[in-house]
Amino acid sequence: MNLETDAELPQAEESIPEVTMEQKPNEGPSDSMKDDLEVSPSCSNDSSIGEIFYNDEPDFLEMQRVNNIIKAAYKEFMAIAMRANALIFHPPAVGSVEDLQEMFHTTPPRGYTVECSVEYDVLSITPESLITIMMNGVIWSSIFSNIICDGSFENVLTPLKEFWSADSNSNSKDVVLVNAQLRLPAEFLPRWCTRFLRFKMDVAEDTWAICDVSTDYFMETASDSTVGTQYRRRPSGVVIRQFGVLSEVLWVENAEVQEIDIPNNISSKVTSNFHLTAKQWISILSQNLKRRWSKITTSEMFDDPNDVPDLLTIGENLKRLYLTSVNPFPLERKWDLYCDDNIRILRDMKANNIGYNHDYVASSTVYIPETPIRLLMFLATYNVTYQLTSIKSPEQLKLVAALYSEDNSYTIGLRRKVEETVADELFADHEFFLQEATANDYCSLVLSSQLSEEDVHISLMPKFSMNSVFLRPSGFAIMPAEQGGLHSKASLVTIFIRRELEYIEDDHAIAVMRSHMSDVIDQMTNIHLQTLQLRTQNRKLLKRYSKL
């Protein structure tokens, strides 16, 4: 599957090395990244829970109770894993905790449902690196940035860790407190706050378990799971077993989640429940591992591979900004909201403050009776014509650098506008267009940003950081509306179109963006007809630009 157009690039460089895992466990995001994180107040710390987890001098009975709940959660998690797969042969010897296990079998409150799934796979990563990902807040949030809006890890239960360290059979145990906000890239879908303990256990030789359980279960009084936590994790996690230099994994996703209120205009057509599954966690992890082993190709614009912009880093930042922008409740300090009906029209205040005064955004989530894979291929080719007013055909842009995974399920390309005449080409202030396309059963993405020539030069600096280049995200998130993943018979598409509209009043700009959004939706709905028309136009334009 090729997610880029048929442009030829002569040089294939060495594979990009895997991103290092050597980061401090509690290292937080940069200041500019924090500015983009929109965390709900309901995710804040609960003081009653704090008394349990942050108390450095708990009495023995309290510490024993916490330890027993962890044992019960571990036993419940392993029981689910054992029922689903023979990767685990024997139940863990944790003592008699059956009474405590019953708390994980209660009926969820009204408006909530229990989602439990198990998935087996073999991943191209060592167990040590996978454990580091799961136990390090910064890396975990980055790897799963498709669904984690914000994530932080805290070191807690110091007395319990000391108690464990005194036990020669518990040297490999560890525990952290996780605060996270989970998101899905559609405007009507909620963002779920979740707060849970994550602990690591030795299962057997070369086999480990990383288990999660909601902090609610550690409170001595009955808790209302609808307060502060919209995603209450029952015992979940992953069993990891060494398989040469690879990892066998058995993933368990088990949670009480809010039932999703789907808008009336599409509710009768959508059969997917959109809740997270074990298969989706594995799919996202596998996709991001492929990204980190992508290969790069360049045109004559970059003679030395060291001169190529860090496309992987820029692409990661672009994805984070896009998913943050697709927000059911846009913040006033970031967005000037003109209208908020089926098509939302906004202006990006941050872009406005640094000189992009004419950036208008139209966004909407719509049902399209077309498979995600076909929409992905179509949008990966023609997204540029939707985002740039000056571009009528993809052939007006020349691919100068690209990064792609071995199976072509992930590509990111940097393109430069080709001017109509040789003279214009020599003296033009070149415009660049960055686009990332990712194929995924859970959510495929076609993301983009305009870049100036100055932005490209900044990204070539030796000490380039991911926040040095100002990105103006746009693009599409494509989720299956029915069962079938990429080959689902219909799709739910979140559209985020950004265009520069100069010299017109706001009312006129709103009308223009509405009309343009309607045209884009119509073209996606009628891909067969649209593809035929665009091919005819492209043949004519290709003849013109091939003469330059």
Check the pair Ser488 / Gln483 against side-chain hydrogen bond (donor to acceptor under 3.5 Å, both in side chains), numbers first and verdict last.
-> CA-CA 6 Å; Ser488 164; Gln483 301 300 317; over 6 Å; no
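- For the residue pair Ser405 / Asp407, a side-chain donor-acceptor distance below 3.5 Å is found, with atom types taken as modelled.
- Side chain of Asn254 to main chain of Cys116: no donor-acceptor pair is present (N/O by atom type, distance under 3.5 Å, no hydrogens or angles).
- A donor-acceptor pair under 3.5 Å is formed between the side chain of His516 and the backbone N or O of Tyr386.
- Leu318 pairs by the side-chain contact (heavy atoms from CB on, under 4.5 Å) definition with Leu434, Leu447, Ser449, Leu471, Pro473, not counting sequence neighbours.
- No donor-acceptor pair under 3.5 Å is formed between the side chain of Ser247 and the backbone N or O of Phe243.
- Residues forming a side-chain contact (heavy atoms from CB on, under 4.5 Å) with Gln242 (at least two apart in sequence, or on another chain): Pro127, Asp206, Trp208.
- The backbone N or O of Leu486 sits less than 3.5 Å from a side-chain atom of Asp441, completing a donor-acceptor pair.
- A donor-acceptor pair under 3.5 Å is formed between the side chain of Thr194 and the backbone N or O of Tyr231.
- Looking at residues two or more places apart in sequence or on another chain, you find a side-chain contact (heavy atoms from CB on, under 4.5 Å) between Gln387 and Asn383, Phe433, Ser448, Ser474, Phe476, Ile497, Arg498.
- Without hydrogens or angle criteria, Asn136 side chain to Thr132 main chain gives no donor-acceptor distance under 3.5 Å.
- In this structure, Trp281 and Trp251 have parallel ring planes: the angle between them is below the 30° cut-off, well short of the 60° mark.
- Checking Glu316 against Ser145 by side-chain atom types alone, a donor-acceptor pair falls below 3.5 Å.
- No donor-acceptor distance shorter than 3.5 angstrom exists from the side chain of Ser142 to the backbone of Val138, with no hydrogens or angles considered.
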